[in-house]
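Chain naming here is simple, since letters A, B, ... match the order of the sequence lines and numbering starts at 1 in each.
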Number of protein chains: 2
Amino acid sequence: MKKCLFTKEQIEQKLREAGVQPTMQRMALARYILCEADHPTAEEIKTWADKHLDKISQATIYNTLNVLVQSGLIRAFRFSHSDCVIYDCNVTDHFHFLDEKSGRIYDLHKDDIGVNVELPKKFKIKSMDLIIKGEVKG
Amino acid sequence: MKKCLFTKEQIEQKLREAGVQPTMQRMALARYILCEADHPTAEEIKTWADKHLDKISQATIYNTLNVLVQSGLIRAFRFSHSDCVIYDCNVTDHFHFLDEKSGRIYDLHKDDIGVNVELPKKFKIKSMDLIIKGEVKG
DNA sequence: ATATTTGCAAAGCCTTTGCAGGGGA
DNA sequence: TCCCCTGCAAAGGCTTTGCAAATAT
């Protein structure tokens with residue numbers, strides 16, 4: 001499922017709106033994550049960048065990812081099963097399904113899942129991370 | 001809330017039953033995690049061990065924790081907010097509440113939470129990790 | 001006697017940081 | 001001009017590993 005939702009100009013504008021100076025590296029990585037990648041790790045992003053960009057350092061990858069996360073354009077999280085951070089272009093409230101065979105991560109829309117939490121009143125809920133693990137047939 | 005559920009003899013038997021040779025270090029750490037600690041990190045376990053045990057190396061801590069996890073006596077997981085692994089003496093199905101102020105983790109019993117997942121049939125669910133983040137008043 | 005386990009130190013992985021050079025506003 | 005960004009290399013945090021000495025069965 002290719003996403004390819006945004007033109008370069010739209011990416012540039014998104015960066016500006018987020019208060020991030022739209023440098024070449026940032027636009028390229030943002031576009032990759034928002035339009036092409038599927039829950040990539042920093043390593044996958046570096047691999048892609050080495051293939052498609054002129055030259056970019058590991059440090060810039062990490063710096064850029066942190067900038068994008070802090071600006072709210074993407075999200076970062078890590079799963080128990082993995083040592084590294086995974087970046088997600090979906091910044092809406094949603095959950096994840098991990099196919100333990102392939103390692104692939106699927107987004108789950110909140111509407112597909114009913115979570116009813118009943119806790120003593122002193123627990124004030126701000127957010128939830130739900131990761132469902134299993135297998136995808138077919 | 002002190003737990004202190006098991007005598008040394010019981011810990012030893014648990015290790016044996018799990019197929020783990022009950023050495024001094026393993027018994028001590030297992031007892032600490034099962035009876036005293038509250039979702040400790042490896043670092044906290046090391047700190048405790050340095051205070052209460054004769055001498056134990058970092059490597060033995062990690063090796064022992066891995067042995068205990070693999071034998072099923074404890075569980076390991078990591079939260080998105082933290083860089084390190086957290087060990088849990090509760091090996092039953094349950095969820096977690098993270099108090100973002102204090103960093104403390106509370107166990108949530110499955111009965112307190114209703115999770116209804118409706119997914120296409122090709123998704124075979126094996127397990128779920130649910131982490132609720134928020135704040136605990138009082 | 002033989003197989004495990006421990007301790008030490010060194011290495012590993014992923015990520016961050018310091019600093020000098022370069023590019024955009 | 002001036003500030004921010006990039007790249008390099010080195011360091012950082014957490015965890016694992018190799019190997020010899022110690023321990024358990």
Side-chain angles (χ1 to χ4, degrees), chain A residues 8 11-13 15-30 32-33 39-50 52-71 73-87 103, chain B residues 8 11-13 15-30 32-33 39-50 52-71 73-87 103:
Chain A
K8 284 182 184 174
I11 294 286
E12 182 173 347
Q13 192 179 349
L15 289 174
R16 280 192 209 289
E17 284 168 357
V20 173
Q21 206 169 288
T23 66
M24 253 180 30
Q25 289 89 338
R26 288 173 179 175
M27 290 196 288
L29 295 189
Y32 171 61
I33 297 168
H39 300 96
T41 61
E43 193 192 357
E44 284 162 20
I45 293 166
K46 180 75 165 74
T47 301
W48 175 88
D50 285 342
H52 297 266
L53 304 181
D54 259 357
K55 188 171 68 170
I56 188 166
S57 73
Q58 193 72 260
T60 299
I61 300 273
Y62 280 107
N63 289 340
T64 300
L65 291 172
N66 287 338
V67 166
L68 296 177
V69 168
Q70 278 153 36
S71 72
L73 289 169
I74 64 174
R75 260 189 202 163
F77 57 88
R78 75 195 317 161
F79 283 163
S80 279
H81 77 287
S82 161
D83 280 343
C84 56
V85 173
I86 283 164
Y87 296 91
Chain B
K8 285 183 184 175
I11 294 287
E12 180 172 348
Q13 191 179 349
L15 289 174
R16 281 193 207 289
E17 284 168 356
V20 174
Q21 209 169 286
T23 66
M24 252 180 29
Q25 289 90 335
R26 287 173 177 174
M27 289 197 288
L29 294 188
Y32 171 61
I33 297 168
H39 301 96
T41 61
E43 194 191 359
E44 284 162 19
I45 293 165
K46 180 73 164 74
T47 301
W48 175 88
D50 285 342
H52 297 267
L53 304 181
D54 259 355
K55 190 172 65 167
I56 187 166
S57 73
Q58 193 72 260
T60 300
I61 300 273
Y62 280 108
N63 289 339
T64 300
L65 290 172
N66 287 338
V67 166
L68 295 178
V69 168
Q70 278 154 35
S71 71
L73 288 169
I74 65 175
R75 262 189 201 164
F77 58 88
R78 77 194 316 162
F79 283 163
S80 279
H81 76 288
S82 162
D83 279 344
C84 57
V85 173
I86 283 164
Y87 296 91

Whole-Å distance between [N] [atom2] and [X] [atom1]?
{"X": "A/Leu15", "N": "C/dG24", "atom1": "CG", "atom2": "P", "result": "16 Å"}
{"X": "A/Asn63", "N": "C/dT17", "atom1": "CG", "atom2": "C1'", "result": "9 Å"}
{"X": "B/Glu44", "N": "D/dG13", "atom1": "CD", "atom2": "P", "result": "17 Å"}
{"X": "A/Met24", "N": "C/dG22", "atom1": "CE", "atom2": "C1'", "result": "13 Å"}
{"X": "B/Phe77", "N": "D/dT15", "atom1": "CZ", "atom2": "P", "result": "13 Å"}
{"X": "B/Leu65", "N": "C/dT6", "atom1": "CG", "atom2": "C1'", "result": "14 Å"}
{"X": "A/Asp83", "N": "D/dT16", "atom1": "CG", "atom2": "P", "result": "8 Å"}
{"X": "B/Met27", "N": "C/dT5", "atom1": "CE", "atom2": "P", "result": "13 Å"}

From the set [options], return the single nucleotide nearest to any side-chain atom of [X].
{"X": "A/Val85", "options": "C/dT15, D/dT25, D/dT15", "result": "C/dT15"}
{"X": "B/Thr60", "options": "C/dC14, C/dT6, C/dT15", "result": "C/dT6"}
{"X": "B/Ala59", "options": "D/dG7, D/dT17, D/dT15", "result": "D/dT17"}
{"X": "A/Lys55", "options": "D/dT15, C/dT6, D/dC8", "result": "D/dC8"}

Self-check item: Side-chain N or O of B/Ser57 closer than 4.0 Å to phosphate OP1/OP2 of C/dT6
Solution: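 No, because none of the side-chain N or O atoms of B/Ser57 sits under 4.0 Å from OP1 or OP2 of C/dT6.
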
Practice problem: Ignoring backbone atoms, establish whether A/Tyr62 has a side-chain N or O less than 4.0 Å from OP1 or OP2 of C/dT15. | Solution: yes

Quiz item: Are the side chain of B/Thr41 and the backbone N or O of B/Ile86 linked by a donor-acceptor pair below 3.5 Å?
Solution: no

Is it the case that more than 12 heavy atoms not belonging to [X] sit under 6.0 Å from its [atom1] atom?
{"X": "B/Glu17", "atom1": "CD", "result": "yes"}
{"X": "B/Gln13", "atom1": "CD", "result": "no"}
{"X": "A/Gln58", "atom1": "CD", "result": "yes"}

Touch check for [X], heavy atoms < 4.0 angstrom, all strands: base, sugar-phosphate only, or nothing?
{"X": "B/Asn66", "answer": "sugar-phosphate"}
{"X": "A/Gln25", "answer": "sugar-phosphate"}
{"X": "B/Thr23", "answer": "sugar-phosphate"}

Self-check item: Nearest-nucleotide 5' precedence on DNA chain D, B/Gln21 against B/Cys84
Solution: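 On the 5' side of the pair lies B/Cys84.
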
Exercise. Taking only Lys NZ, Arg NE, NH1 and NH2, and the carboxylate oxygens of Asp or Glu, determine whether B/Glu12 and B/Arg16 approach each other closer than 4.0 Å.
Key: yes

